[in-house]
Number of protein chains: 2
Amino acid sequence: MAKAAGVSLSSVSRALNGGKNVSAKIARDVSAAASKLGYQPDFMARGLRTRSTGMVGCLVPDIANPLNATIVRAAEARLREAGYMLVVASTANDPGRERSAAGEFRGRRLDGMLVAPGSDANDTTWRELTATGTPVVIVDRDPLDEDPAVLVDHRAGAQAATRYLIGLGHRRIALLTADARMRPSRERIAGFHEAFNELNLDPGGAQLCIQASPMDFAHADTLALLRDAARPTAIIALGTRILAGTLRAARDTGLSVPDDLSVLSVGDTDLAAAHTPAITALRWSLDDVGRAAAELLLQRLRGDVDGPQSRAVLPVDLVLRESCAPPRVTSG
Amino acid sequence: MAKAAGVSLSSVSRALNGGKNVSAKIARDVSAAASKLGYQPDFMARGLRTRSTGMVGCLVPDIANPLNATIVRAAEARLREAGYMLVVASTANDPGRERSAAGEFRGRRLDGMLVAPGSDANDTTWRELTATGTPVVIVDRDPLDEDPAVLVDHRAGAQAATRYLIGLGHRRIALLTADARMRPSRERIAGFHEAFNELNLDPGGAQLCIQASPMDFAHADTLALLRDAARPTAIIALGTRILAGTLRAARDTGLSVPDDLSVLSVGDTDLAAAHTPAITALRWSLDDVGRAAAELLLQRLRGDVDGPQSRAVLPVDLVLRESCAPPRVTSG
DNA sequence: GAGGATACTGGAAACGATTTCAACAAAACA
DNA sequence: TGTTTTGTTGAAATCGTTTCCAGTATCCTC
């Protein structure tokens with residue numbers, strides 16, 4: 001390549017990297033030779049010298065979950081724009097796989113990481129794995145110290161949803177969410193309780209279910225819940241497999257939505273929007289989460305020690321549809 | 001590192017790569033020193049020398065589509081097991097982004113690629129981009145030449161679905177699928193027609209809609225379709241946004257499923273399974289697709305020029321549920 | 001026109017591994 | 001014992017870049 005352009009290696013490097021001190025002639029010759037040869041610099045060699053890989057890793061519990069996948073897509077788009085490639089690892093919430101993936105990322109010296117750990121970031125083993133000086137952005141998990149993070153205001157969302165159901169007259173409300181070791185569920189539970197507390201309502205009537213992810217479990221569990229004499233009149237369900245299980249359970253027990261049972265989805269998925277009746281849902285912008293995470297990471301990568309902000313908190317909206325109604329028999 | 005173990009660089013390399021001709025003592029010393037120092041070889045340096053990156057790229061139209069995401073997840077799991085990392089690029093079916101992503105992959109000299117191009121592989125620009133000697137596995141798209149590929153038998157699936165609906169008495173059936181430039185849709189359309197032809201039925205009664213992806217378009221289009229006097233009595237809809245749009249359109253026009261309209265989903269998603277009534281669906285294993293693609297690529301990567309097979313064809317099953325019934329008024 | 005600042009250029013030393021090759025020691029064989 | 005074979009080792013070259021440094025040409029200033 002250098003010979004093709006008839007200049008030295010150093011000049012090629014300078015010309016290609018848009019460095020200063022390059023004469024017009026050399027710049028011309030180099031770019032001509034480069035395009036004629038279809039030359040593309042070798043990332044390995046460059047990375048070896050500059051100690052940067054041009055890649056960022058993304059650790060999510062489950063890439064097949066549309067909630068995560070949409071975030072990944074948005075982040076990937078922004079990062080590619082900035083010249084980075086995105087490496088993904090889906091950890092299935094398994095601490096072992098999580099650790100091995102993080103180790104792999106570290107071994108490959110990725111420039112940065114977007115992480116949504118299964119267990120929370122407080123976890124020491126996880127902690128020490130991230131602590132290699134690699135810039136990290138936490139996505140919707142509790143950050144420690146000064147880690148930049150993108151957070152979603154699940155607490156306010158859950159509070160608004162609960163308030164809305166209470167306003168319709170519901171008193172026995174079940175919250176079906178995922179593993180409470182993770183921030184989103186914890187925040188939702190808190191918001192749920194706050195909504196009851198602010199009205200001085202007996203929280204004993206509130207029912208709270210916390211479950212692991214598998215859809216079948218959600219289904220069986222919800223069946224039992226709905227068959228109980230003191231069944232809830234409204235359910236707030238996490239809008240992926242748990243919502244699916246809930247709707248199937250309602251169908252199986254012959255309860256009609258919203259007449260016999262109000263259903264509110266946490267997260268606005270295809271399922272919620274297309275269901276008959278359409279499911280009222282809490283919605284937040286997954287694209288915004290992904291974009292914001294990428295932006296925060298890019299700030300770090302550029303070395304802006306303190307960019308505009310190192311925490312982003314995104315709002316949650318309540319989208320009213322047809323799946324919630326006053327309970328048939330007011331139980332107040 | 002070499003000094004820490006008190007041996008030469010070459011010996012360290014040999015010991016770590018499990019090469020032959022390493023004495024027990026040196027192997028012991030090296031591994032001791034390595035674990036004491038937490039030494040991890042530098043992938044950049046190693047890659048520079050061995051001309052391999054230990055990474056494979058994955059190009060999909062939309063990673064946020066659960067159908068793709070599930071495939072990616074399965075492939076990632078298998079590839080990581082084999083020591084490769086997965087780089088993803090979501091191209092939004094935009095040829096420009098597709099080209100730039102492929103160029104980026106090539107520039108980074110990834111060891112292999114899993115690709116599901118938006119337009120089909122026959123496309124020349126796409127073709128030349130993949131033709132760099134990099135092992136490529138085509139995923140559910142028409143392969144050219146001898147490219148290894150993982151294919152899903154959409155034709156047989158669509159045929160079975162159509163046959164089933166015809167058997168119920170339907171004659172006016174609409175097939176709502178995605179962009180016909182892509183193999184899955186093309187195959188489905190072919191299977192759809194074959195089902196009519198094998199019974200010598202007038203294909204004029206069959207209705208066929210082909211659409212671009214946005215859900216709103218599907219919705220509006222389906223509304224128009226359902227309001228027509230000669231509306232179809234059954235719809236076979238692609239099970240992502242198009243199915244969602246179809247169900248909303250049925251709700252909006254007051255048609256009940258399955259009494260007024262039979263609906264069959266192509267692809268078994270949460271939406272199909274949890275809807276009321278549950279939607280009869282064509283199902284194929286996305287995990288199998290991802291795993292098979294990874295396996296085929298690994299074969300190539302290992303240099304098994306001819307592994308057990310370089311094409312995998314996966315079956316499609318019809319899952320009977322409650323969304324299909326005989327048409328109210330037989331129109332034969 | 002001399003002197004110094006300024007703009008460019010190419011040679012050579014990194015970066016951190018793998019791999020070739022020659023040297024050496026120990027073992028096997030005659 | 002001398003010669004070959006075998007096994008093990010380290011020195012040095014290499015991969016393709018970036019970057020430091022010294023050298024040269026050009027320009028400006030007095």
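It should be emphasised that the depicted structure is a prediction, and the values quoted were computed from it without experimental measurement. Just so we're on the same page: letters track the sequence lines, and every chain starts at 1.
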Whole-Å gap separating [atom2] ([N]) and [atom1] ([X]):
X: Leu48(B); N: dT14(D); atom1: CG; atom2: P; result: 14 Å
X: Lys25(A); N: dT26(D); atom1: NZ; atom2: P; result: 14 Å
X: Phe43(B); N: dG16(D); atom1: CZ; atom2: P; result: 20 Å
X: Asp42(A); N: dC15(C); atom1: CG; atom2: C1'; result: 13 Å
X: Leu9(B); N: dT8(D); atom1: CG; atom2: P; result: 20 Å
X: Met44(B); N: dT18(D); atom1: CE; atom2: P; result: 13 Å
X: Arg14(B); N: dT18(C); atom1: CZ; atom2: P; result: 11 Å

Taking any heavy-atom pair under 4.0 Å as a contact, classify [X]: base, sugar-phosphate, or nothing.
X: Asn21(A); answer: base
X: Arg51(B); answer: sugar-phosphate
X: Ser10(B); answer: base
X: Thr50(A); answer: sugar-phosphate
X: Ser23(B); answer: sugar-phosphate

Would you tell me if any nitrogen or oxygen in the side chain of Ser11(B) comes within less than 4.0 Å of OP1 or OP2 on dG10(D)?
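Ser11(B) to dG10(D) OP1/OP2: side-chain N or O found under 4.0 Å.
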
For dT18(D) and Arg46(A) - does any side-chain N or O of the residue sit under 4.0 Å from the phosphate oxygens OP1/OP2?
yes

Identify which nucleotide among dG10(D), dA17(C), dT17(D) has an atom closest to any side-chain atom of Tyr39(A), counting heavy atoms from C-beta outward.
dT17(D)

Tell me which residues in residues 79-87 of chain A lie within less than 4.0 Å of DNA chain C, going by non-hydrogen atoms.
none

Which residue in the set Arg181(B), Arg186(B), Arg311(B) passes salt bridge (charged side-chain N to carboxylate O under 4.0 Å, His left out) when paired with Asp142(B)?
Arg186(B)

Side chains of Val56(A) and Leu110(A): does their closest heavy-atom pair fall under 4.5 Å?
no

For the atom pair CD1 (Ile63(B)) and CZ (Arg73(B)), what is the distance rounded to the nearest 0.5 Å?
11.0 Å

Mind checking the CG-CD1 spacing from Leu114(B) to Ile71(B)? Nearest 0.5 Å is all I need.
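The CG atom of Leu114(B) sits 9.5 Å away from the CD1 atom of Ile71(B).
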
Counting N and O atoms only, with roles assigned by atom type, does the side chain of Arg109(B) sit under 3.5 Å from a partner on the main chain of Gly107(B), one being a donor and the other an acceptor?
yes

Please determine if Asp29(B) and Lys25(B) form a salt bridge, counting it only when a charged side-chain N lies under 4.0 Å from a carboxylate O.
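A salt bridge links Asp29(B) with Lys25(B).
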
Does a distance-only test, which skips hydrogens and angles, find a donor-acceptor pair under 3.5 Å between the side chain of Arg49(A) and the base of dT17(D)?
no

On a heavy-atom basis, which atom in Pro61(A) and which in Arg141(A) lie closest, and how many Å separate them?
CG-NH2, 3.6 Å

